[in-house]
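Let me begin by presenting the structure, written as structure tokens, before commenting on it.
Worth saying up front: this structure is predicted, and the values here are computed from it rather than measured. Each chain gets a letter, A, B and so on, in the order the sequences are listed, and its residues count up from 1.
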Number of protein chains: 2
Amino acid sequence: MLGQAEDRPVAVQIPVKNADAVESRIEDLCAKRGLRMTEPRRVIARVLSAAEDHPDAEALYDRVKEVDPTISMATIYRTMKLFEEMDIVSKRDFGDGRARYEPQSGPDDHHHHMIDVETGEVLEFYNQELEDLKKRIARDLGFDLVDHHLELFGTRRKKQH
Amino acid sequence: MLGQAEDRPVAVQIPVKNADAVESRIEDLCAKRGLRMTEPRRVIARVLSAAEDHPDAEALYDRVKEVDPTISMATIYRTMKLFEEMDIVSKRDFGDGRARYEPQSGPDDHHHHMIDVETGEVLEFYNQELEDLKKRIARDLGFDLVDHHLELFGTRRKKQH
DNA sequence: GTAAATGCAAAAGCTTTGCCCCACG
DNA sequence: CGTGGGGCAAAGCTTTTGCATTTAC
């Protein structure tokens, strides 16, 4: 009833949550780097793969605990450090004293963040002009760019000038 | 006895270091904003005015103690917070878990930092193109820019391509 | 004289680590 | 089965705070 499956295909396929997917992008990466795949790492990898925001250690801990309550905070930190070294996640600092983590899409995934100082909301953006300019600035200073962080802090514009 | 006080008033003409200057740029600023000028604030202001690097709280504490050993770490932090709110210094984060402080030259002094990941050396730079681009990006995202941080991490280029 | 600033020490985050047990490969 | 990984709790660091005392204006 109510039309054929093709009418709303997405809803018909089982709505599994990403975190429960048998195989997550980050699990794949772990395998590729030959990391020993333990239960905590699997869970953390899935939670990270499913994350669409910029969770801090505690947020990760909370999400991970929902899947497996025996996993400890120490493991969150140890795993984040490991994943960082493996270029699986990148650590960010939005100026509130805690580290945030996000999956690293690729070696040259250099998006940045616009942070609403009133609400704490974080928007991601990418701008090719900015990428080029940064490389040029570094080169002019005599450096090869290894990494860079840009965070913009602002307030939503209520009226245009 | 032992000669009159006037004979060695201030040890004659001492080649005072910047930090001992009677009037420092930051002291001026404090006065302008009507801050109550206490001895610790005066000392901290002078140390900051004389700083040509990016000291963290402990480095400031050490320098301040040389002038007045009774000043406490709590006062360093409290004063940095105050100066930050007054736009007298800006707080920076070079990714090592401690805040760095530096005098703010002006309301639109938005230089940035190029950090040598091998030596920890920090170069400052300013680039108008970058300033314009950032404002434009923020506007395109619907924001008014309040603040922004950019840090470039790199290694010194040994050979040009 | 009064409100604000400071020193001291304790507390509060966030993150790391030692130690011993457990599980992956 | 041996070695790396994980849980737990304690320690480490940087920064903040409560309280009594001192200081600037």
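- Here D:dG5 presents its P atom at 14 Å from CZ of A:Arg42, a figure rounded to the nearest Å.
- Look at A:Glu58 and A:Arg98 and you find no salt bridge, because none of the NZ, NE, NH1 or NH2 atoms lies under 4.0 Å from a carboxylate O.
- Between A:Tyr101 and A:His54, the distance separating the two ring centers is not shorter than 6.0 angstrom.
- Rounded to an integer number of Å, the gap from B:Glu58 CD to D:dT16 C1' is 17 Å.
- Remark: P of C:dC14 and CG of B:Asp96 are 18 Å apart, rounded to the nearest angstrom.
- B:Met37 belongs to no hydrophobic cluster with other residues, because no ILVMFWY side-chain heavy atom falls under 4.5 Å from its own, directly or through intermediates.
- Between C:dA23 and A:Arg36, no contact under 4.0 Å exists linking OP1 or OP2 to a side-chain N or O.
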Check: protein-nucleotides 18-21 of chain C nitrogen or oxygen pairs below 3.5 Å:
unit_1	atom_1	unit_2	atom_2	d
C:dG18	O6	A:Arg78	NH1	3.3

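- Between B:Ala99 and A:Arg41, the residue whose closest nucleotide on DNA chain D is further toward the 5' end is A:Arg41.
- Under 4.0 angstrom from either OP1 or OP2 of C:dA23 there lies no side-chain N or O belonging to A:Thr38.
- Rounded to an integer number of Å, the gap from B:Lys91 NZ to D:dT14 C1' is 11 Å.
- Among the atoms of the strands shown, only primed sugar atoms or phosphate atoms (P, OP1, OP2) are found under 4.0 Å from some heavy atom of B:Met37.
- Distance, B:Ile76 CD1 to C:dC8 P: 13 Å, rounded to whole Å.
- Whole-Å rounding puts the B:Met80 CE to C:dT6 C1' distance at 15 Å.
- Residues B:His149 and B:His113 keep their aromatic ring centres 6.0 Å or farther apart.
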For this session: Treat a base pair as Watson-Crick or G-U wobble with both distances under 3.5 Å, then lay out DNA chain C in dot-bracket form, 5' to 3', with | for cross-strand pairs.
Result: |||||||||||||||||||||||||
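- B:Leu82 places its CG atom 7 Å from the P atom of C:dA5, with the value rounded to the nearest Å.
- OP1 or OP2 of C:dT15 sits under 4.0 Å from a side-chain N or O of A:Tyr77.
- Among all heavy-atom pairs drawn from A:Leu48 and A:Pro103, the shortest one is O-CG, 3.5 Å.
- Residue A:Ser72 places at least one side-chain N or O closer than 4.0 Å to OP1 or OP2 of D:dG7.
- Distances were taken from every side-chain heavy atom of A:Ile71 (C-beta onward) to each of C:dG7, C:dT15, D:dG7; the shortest belongs to D:dG7.
- Remark: P of D:dT22 and CD of B:Glu39 are 16 Å apart, rounded to the nearest angstrom.
- A:Asp68 and A:Arg63 are not joined by a salt bridge, as no carboxylate oxygen comes within less than 4.0 angstrom of a charged side-chain nitrogen.
- Ion pairing between a basic and an acidic side chain is recognised when a charged N comes within 4.0 Å of a carboxylate O; B:Lys91 and B:Glu102 show no such pairing.
- Judged by a 6.0 Å distance limit and a 45° cone about the ring axis, A:Lys81 is not positioned over the six-membered ring of A:Phe83.
- Residue contacts shown for A:Arg98 are limited to sugar-phosphate atoms, with no base heavy atom under 4.0 Å away.
- Side-chain polar atoms of B:Gln128 and B:Tyr126 form a donor-acceptor pair below 3.5 angstrom.
- Under the 4.0 Å criterion applied to side-chain N and carboxylate O atoms, B:Arg41 and B:Glu27 are not assigned as salt-bridge partners.
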